[in-house]
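Quantities reported herein were computed from a predicted structural model and do not represent experimental measurements. Below, all heavy atoms of this structure are taken into account, side chains as well, without hydrogens, waters or symmetry copies.
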Amino acid sequence: METFFKNITENGNWVLKINTLFAIFFLLVTIGFVCAILHLRISKIVKNRKVEKQKEVLSNFITLYLFDDELPSEKEILQFKKENIKTSLDEKVAIKVLLVFEENFKGETNQKIKQLFLKWDLSRIIETDLNSGKWFRIARAIYVASELNLKRFQTTIEEFIDSERDELRQQAILYFIHLSQEEPLAFFSKIKKPLTLWEQIYIEECLKSNYTGTVPDFSKWLNSELISVQAFSIKMIGDYNQYQHVPQLIPFLNSSHEDLKKVAMQSLANLGYPELQPHLNASFQEETPAIKAFILNIVRRTGSIDDFLYLEKLIPQKDHVSKQVYFKLWNNWRKELEISVV
């Protein structure tokens, strides 16, 4: 073996020399790669164990703070923070544990969770993240501020209502709805970008699941400069059965914007407006194919058979699109009637 390596280095066998060097290089790279993977894996295991232990320590103290007859003193709270919440990781874990408690309790207990959050000076992390310029940190900070009802950050979070990133805009919307007691849609006056369909769905879901105050008066936003806000408000009036606003919806039946016209027809149909069918009959022939198809679907859903059959007479012979929609709806309706009779 010694003679072999001596032959490589002294007799000028360059091909074999280069191949040997490459073999040694790739062997070292492979060994290094394996060692790096093992190091990362072990580090992750150690970190996870530390986090789990930290969660247990924090949970025990929070439980003591919330439910024990003898509450920890201010000095004990600060001493606990000094000993157990030292690093950035410790602070993040503390926030996560507090949020778990917040999700499982209500009322006075939630107020005590918020107090502990402030006593541990964790709001400093929220402020830092909001000004970090990194969208994922900002989104996380807005979420925490929303869950813990931190009103002091309202001015800062307003800046993200019109953010280019959907995640930030949605979290800002959730924040303002969650914190509101009477006017959950007050942020509509601050937005300048049109609401997307998904954002409208998101706001509707937030109103149902995250808002606990009185039902808002959606008619306030019927005069918004944004067509999307108007459309959302019209839909909500129908969904929340705000019959008192029917007179304000009627003008939208003649709107030049098809989206507003459609949602007005839908809401008035939901509210059972008695003059809707005569209006649809009178305006049907003047409408675009898209509106005609929408009217046919509304009458199919909320009207009588006679109302639906009457519309067939109003469809011009050359309007093949409307005729196709009509016959498809009528065939389905007729099948349903046959099944119900059987």
Review point. Do I227 and Y202 sit in the same hydrophobic cluster, where Ile, Leu, Val, Met, Phe, Trp and Tyr count as joined when their side-chain heavy atoms come under 4.5 Å apart?
Key: yes
Point to revise | Verdict with supporting geometry, T87 and D90, side chain to side chain donor-acceptor pair (under 3.5 Å) | key: CA-CA 5 Å; T87 66; D90 293 338; 3.2 Å; yes
Check your understanding: Can a salt bridge be assigned to the pair E108 and K112 using a cut-off of 4.0 Å between side-chain N and carboxylate O?
Key -> no
Review point. Among side-chain atoms of Q171 and Y143, is any donor-acceptor pair under 3.5 angstrom?
Key: no
Review point. Got a salt bridge between E102 and K114, using NZ or NE/NH1/NH2 to carboxylate O under 4.0 Å?
Key: no
Exercise for review: Determine whether F308 and L296 make a side-chain contact, defined as any pair of heavy atoms from C-beta on separated by less than 4.5 Å.
Suggested key: yes
**Study point:** Side chains of E258 and T288, donor plus acceptor under 3.5 Å
**Key:** yes
Exercise for review: Of all the heavy-atom pairs spanning D162 and K192, show the shortest one and how long it is.
Suggested key: OD2-N, 2.9 Å
Check your understanding: Looking at residues at least two apart in the chain, or sitting in another chain, which of them share a salt bridge (Lys or Arg N to Asp or Glu O under 4.0 Å) with K193?
Key -> E164
Review point. Looking only at atom types and distance, does a side-chain atom of T302 sit under 3.5 Å from a main-chain N or O of V299, one as donor and one as acceptor?
Key: no
**Study point:** Flag side-chain contact, heavy atom, 4.5 Å: S123 against F153
**Key:** yes
Check your understanding: Is the closest side-chain heavy-atom distance between L195 and L226 below 4.5 Å?
Key -> no
Review point. Is there a donor-acceptor contact under 3.5 Å linking the side chains of N331 and R334?
Key: yes
**Study point:** Distance-only side-chain donor-acceptor flag, Q277 / N281, under 3.5 Å
**Key:** yes
Point to revise | Side-chain donor or acceptor of S233 paired with backbone N/O of V229 under 3.5 Å | key: yes
Check your understanding: Y65 vs F61 aromatic rings, parallel, tilted or perpendicular, using cut-offs 30° and 60°?
Key -> parallel
Practice item. Determine the interplanar angle of the F218 and F232 rings, folded into 0 to 90°, and report it as parallel if under 30°, tilted if 30 to 60°, perpendicular if over 60°. Key: perpendicular
Practice item. Assert yes or no for the condition that the ring centre distance of F80 to W120 is strictly below 6.0 Å. Key: yes
Review point. How about F187 and Y175: are their ring centroids closer than 6.0 Å?
Key: no
Exercise for review: Using a strict cut-off of less than 4.0 Å between a Lys/Arg side-chain nitrogen and an Asp/Glu carboxylate oxygen, indicate whether E287 and K261 qualify as a salt bridge.
Suggested key: yes
Review point. Are Y211 and P216 side-chain neighbours, meaning at least one heavy-atom pair lies under 4.5 Å?
Key: yes
Practice item. For a side-chain contact (heavy atoms from CB on, under 4.5 Å) with N241, tell me which candidate from N270, V215, L271 qualifies. Key: L271
Check your understanding: Do D129 and S132 have side-chain atoms, one donor and one acceptor, less than 3.5 Å apart?
Key -> no
Practice item. Identify, with sequence neighbours excluded, every residue that meets salt bridge (Lys or Arg N to Asp or Glu O under 4.0 Å) alongside K86. Key: none
Check your understanding: With a 4.5 Å limit on heavy-atom distance, are the side chains of L185 and F176 in contact?
Key -> no
**Study point:** Presence of salt bridge, K220 and D217, under 4.0 angstrom
**Key:** no
Check your understanding: Any side-chain heavy atom of M265 within less than 4.5 Å of one from K262?
Key -> no
Check your understanding: Do F67 and F105 make the cut of ring centroids closer than 6.0 angstrom?
Key -> yes
**Study point:** Among Q230, E204, Q266, side-chain hydrogen bond (donor to acceptor under 3.5 Å, both in side chains) partner for K235
**Key:** E204
Check your understanding: Out of L122, V93, L58, which residue meets the side-chain contact (heavy atoms from CB on, under 4.5 Å) rule with L98?
Key -> L122
Check your understanding: Between V321 and F327, is there a shared hydrophobic cluster once you connect ILVMFWY residues whose side-chain heavy atoms come closer than 4.5 Å?
Key -> no
Review point. Does atom CD of E103 have more than 12 heavy-atom neighbours, drawn from other residues, nucleotides or ligands, at distances under 6.0 Å?
Key: yes
Check your understanding: If you count the non-hydrogen atoms of other residues, nucleotides and ligands that lie under 6.0 Å from CD in Q244, is the total more than 12?
Key -> yes
Point to revise | Within-4.5 Å side-chain heavy-atom neighbours: E205 and N210 | key: no
**Study point:** Atom CD of Q324: over 12 foreign heavy atoms under 6.0 Å
**Key:** no
